[in-house]
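Written out below as structure tokens is the structure these notes cover.
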There are 2 protein chains.
Amino acid sequence: MELKQQVTVTLAEVAEAAGVGESTVSRVLRNHGSFSGKTRERVMAAVERLGYVPNRIAGTLASTGSRLVAFVIPSLSNIVFPDVLRGASAVLEENRYQAVFSVTDYDPGKEEALAAAMLAWRPAAVMLAGYEHTDGTVKMLRASGCRVVELLDLDGDALDIAVGFSNRAAGRESAAFLLKRGYRRIGYVGHDLSRDTRAGKRFSSFCETLQAHGAPLVAREILAGASSVENGRLGLERLLAQTPDLDAVYFSNDDMALGGYFHCLAEGISIPSKLAIFGYNGLDIGRAMPQPLSTIRTPRVATGQIAAQLVVANAPPQAVDLGFELIDGATA
Amino acid sequence: MELKQQVTVTLAEVAEAAGVGESTVSRVLRNHGSFSGKTRERVMAAVERLGYVPNRIAGTLASTGSRLVAFVIPSLSNIVFPDVLRGASAVLEENRYQAVFSVTDYDPGKEEALAAAMLAWRPAAVMLAGYEHTDGTVKMLRASGCRVVELLDLDGDALDIAVGFSNRAAGRESAAFLLKRGYRRIGYVGHDLSRDTRAGKRFSSFCETLQAHGAPLVAREILAGASSVENGRLGLERLLAQTPDLDAVYFSNDDMALGGYFHCLAEGISIPSKLAIFGYNGLDIGRAMPQPLSTIRTPRVATGQIAAQLVVANAPPQAVDLGFELIDGATA
DNA sequence: CAGCGGATTGGTAGCGCTGCCAAAAAGTCA
DNA sequence: TGACTTTTTGGCAGCGCTACCAATCCGCTG
């Protein structure tokens, strides 16, 4: 292999080869404005012959408004965000938009820096997780003039568009469900809540609901770092060591809950008679477990889809509540 | 708070405000070329005051070479690709590169179309999964002059850079491991192999190795659609219904294997004494299972990191073998 | 056949920034 | 101090494309 030749064919060359003007080529390629069928053929033949690939950088600069959509997401380890991206990218690709992303690791400072970097690409929209942003981020987004979509949260005030569901309601319904099932000595196993503010909202509403029904949270175990199956297992082990007589445990999400489930399997703790387990997210894996996981299924892919559709349609500011579904599984 | 729908500030305006020339502002902002400390301060003050955000579209067009890196990946559901993206995006962000992506759904035709769309952004590099591309894709990539990185496969000829490991070797070692453990009646449960060519390579090498050792594959169950825990469970159920006396099953990946594990749990099939289970990928979840999953751990995040590093460093064409690790768990 | 309106087409300013080059300013040295 | 360097700086031509406008063409009318 050797150095490649930078043989960039330009629109001007296509125009020359086709014997037409540049603007005609541009019109044909974008299928915009009018041109004859004959012209179209000549242009397409030249494009084919020269192997022309339009330069979207130049195109975007010359036209108003880009077809880039920027995602500034907390993580790619948590399946939630790939799911959102998946939903969004399908819609964006259909509409010839291009997705750009960067990962904040749940760090608001990094979010601000990355949002600034994104804005430099003059995207049509910026999509972020939730409502908690630094003042700098908010100011910057407001000043940018591009659409802003806040995802997966509805507990707060949207800057522009918001798509998701209420995490507080999710926490509340989870607690109500466990209470209705008769559990009274309830514990919690979670991951770092200071960074994952949505998990924090679920937890605080969960606690408030328990409290309001006279069965306040008995114990909690918060693990540093991200959620994972291993942390869930470890968390439940620690929680039970500290408070053995719990009858139910709420986990910050399904990964953590699955870890708890594994711990019970390994220790011979029978579910749900000895201990009930409740998760959050409604991952597919929960359905395949020997005992389907009791959890709340969230519309992750749909969140991405709807968000993308609203951006493509340049919809007015709004908050779209996609809701969630409580899965009455076999673990609680 | 001023909610001015401000017209975008340009570099020229910053220059004017700072009382310097445009090129001076450009130099200061990119910290490239020489300028005095005093000038630097004046420029930065003006940038701050006006809330200037550089326009990377214009910058990229004017300069040679972009800082975009395009990912054309088969899926976001399979955790493999988010993992690769995660490794890559960390490195890219550090180096002020921007990641762009689109999803092919394992469809070579879609890959070609999306690769073409990506090329229109004139990226510094295009990253793709594996070696199997349409002639059109290959031709286009060759002609583009941008770097091409093929990921997660080494069984074939690289276009430019390749980073990953040998799937054939992985299949071979998996088979050798099971044979060494004494299993002889071995089955396979997999997902759609025609699309996921890397899984196909593992499977064919697995079979060849069994054959070479006089213990050819006894049965197989291939499920349509993507890999999932549910499909793994269903697949094993079907496989055993058809061939009950297997002593080991190789799964196309850990998700599928976990499904198989769940099936055994639900049916009271003891692992590994009655049936051994072997996966592929080495997901964290496998470590947290009551019986750690026997599998092969692949360097997914590292693949992304190394790939990104090579692109950033503009390294010469090469194939980097990151290898994999056989995890001697408790299920085989 | 001139006159018209709509369909096509080409010319050409920019879009906002970088790269190159020459000019201006600031140092250096004998 | 004058000649010569080195550091800073500004001007401006593009990068490849789109948007706008004017020119041309065509088919019909009256």
Side-chain angles (χ1 to χ4, degrees), chain A residues 6-43 46-47 50-68 96 98 117 119-124 144-145, chain B residues 6-43 46-47 50-68 96 117 119-124 144-146:
Chain A
Q6 198 79 5
V7 280
T8 332
V9 181
T10 67
L11 182 143
E13 298 177 75
V14 174
E16 161 119 86
V20 301
E22 292 184 35
S23 30
T24 300
V25 176
S26 177
R27 256 171 261 141
V28 171
L29 258 30
R30 286 177 297 143
N31 196 36
H32 175 277
S34 66
F35 44 83
S36 68
K38 200 175 309 165
T39 301
R40 198 192 118 83
E41 277 169 34
R42 297 238 309 270
V43 170
V47 164
L50 300 180
Y52 172 68
V53 177
N55 184 332
R56 286 257 236 164
I57 299 278
T60 303
L61 180 63
S63 63
T64 56
S66 82
R67 278 179 177 263
L68 282 172
R96 306 196 320 139
Q98 183 61 63
L119 252 18
W121 290 101
R122 297 293 187 271
S144 73
Chain B
Q6 185 171 354
V7 181
T8 327
V9 182
T10 67
L11 182 142
E13 298 176 75
V14 173
E16 162 119 85
V20 301
E22 292 182 34
S23 30
T24 300
V25 176
S26 176
R27 256 170 267 152
V28 171
L29 257 30
R30 285 177 298 145
N31 197 35
H32 175 276
S34 66
F35 46 82
S36 68
K38 200 175 309 164
T39 301
R40 198 192 121 82
E41 278 170 34
R42 297 237 309 270
V43 170
V47 165
L50 301 180
Y52 172 68
V53 177
N55 184 330
R56 287 256 238 164
I57 299 278
T60 302
L61 180 62
S63 63
T64 57
S66 83
R67 278 181 177 263
L68 282 173
R96 306 194 322 137
L119 253 16
W121 289 101
R122 297 294 187 269
S144 75
C146 82

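Throughout, protein chains are lettered first and strands after them, A, B, ... in sequence-line order, and every chain is numbered starting at 1. Quick note: numbers below take in every heavy atom, side chains included, and nothing from hydrogens, waters or symmetry partners.
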| Roughly, in whole Å, what's the span from CD in B:Glu22 to P in C:dC20? | 17 Å

| request: Take A:Thr39 and A:Arg27 through the side chain to side chain contact (heavy atoms under 4.5 Å, CB included) test and state the conclusion after the steps. | output: CA-CA 11 Å; A:Thr39 301; A:Arg27 256 171 261 141; over 6 Å; no

| request: To the nearest Å, give me how far apart OH (A:Tyr52) and P (D:dG16) are. | output: 10 Å

| side chain to side chain contact (heavy atoms under 4.5 Å, CB included) assessment of A:Trp121 paired with A:Thr60 | CA-CA 10 Å; A:Trp121 290 101; A:Thr60 303; over 6 Å; no

| remark: Here the distance between atom P of D:dT18 and atom CZ of A:Arg56, to the nearest Å, is 10 Å

| More than 12 non-hydrogen atoms from neighbouring residues, nucleotides or ligands closer than 6.0 Å to CD on B:Glu16, yes or no? | no

| note | Ranking C:dG16, C:dG19, D:dG10 by distance to the side chain of B:Ser63, first place goes to C:dG19

| said: Can you identify which nucleotide, out of D:dC15, C:dG19, C:dT8, has its nearest atom closest to the A:Ser34 side chain? | reply: C:dT8

| task | State whether A:Thr60 places a side-chain N or O below 4.0 Å from either non-bridging phosphate oxygen (OP1 or OP2) of C:dC15. | result | no

| task | Record whether the side chain of A:Arg27 comes under 3.5 Å of the base of C:dG10 through a donor-acceptor pair of N or O atoms. | result | yes

| task | Mind checking B:Thr64 for me? I need base, sugar-phosphate or nothing, with any heavy atom below 4.0 Å counting as a touch. | result | nothing

| said: Measure NE2/B:His32 against P/C:dC20 and give the value in whole Å, please. | reply: 9 Å

| request: Could you state the atom-to-atom distance from CG of B:Asn55 to P of C:dT18 in whole Å? | output: 9 Å

| message | At less than 3.5 Å, do the side-chain atoms of B:Thr10 and the base atoms of C:dG16 form a donor-acceptor pair? | response | no

| Under the 3.5 Å rule, do the base of C:dG11 and the side chain of A:Ser23 count as making a donor-acceptor pair? | yes

| B:Leu61 CG - C:dG16 C1' separation (whole Å) | 9 Å

| To the nearest angstrom, how far is B:Arg42 atom CZ from D:dG10 atom C1'? | 13 Å

| message | Tell me if the CZ atom of B:Arg67 is crowded by more than 12 foreign heavy atoms within 6.0 Å. | response | yes

| Is any side-chain heavy atom of B:Arg30 less than 4.5 Å from a side-chain heavy atom of B:Ser26? | yes

| query | Distance check: side-chain N/O of A:Arg30 vs OP1/OP2 of D:dC17, anything under 4.0 Å? | reply | no

| In whole Å, what is the span from the CG atom of A:Asn31 to the C1' atom of D:dT18? | 16 Å

| said: Looking only at the side chain of B:Ala62 (C-beta and beyond, no hydrogens), which of the listed nucleotides D:dC17, D:dA19, C:dC17 gets closest? | reply: C:dC17

| Which listed nucleotide (C:dT9, D:dC17, C:dG16) is nearest to the side chain of A:Leu11? | D:dC17

| query | Within the structure, does a side-chain N or O atom of B:Ser36 lie under 4.0 Å from either OP1 or OP2 of D:dT9? | reply | yes

| request: Output yes when at least one side-chain N/O atom of B:Thr24 is less than 4.0 Å from OP1 or OP2 of D:dG10, else no. | output: yes

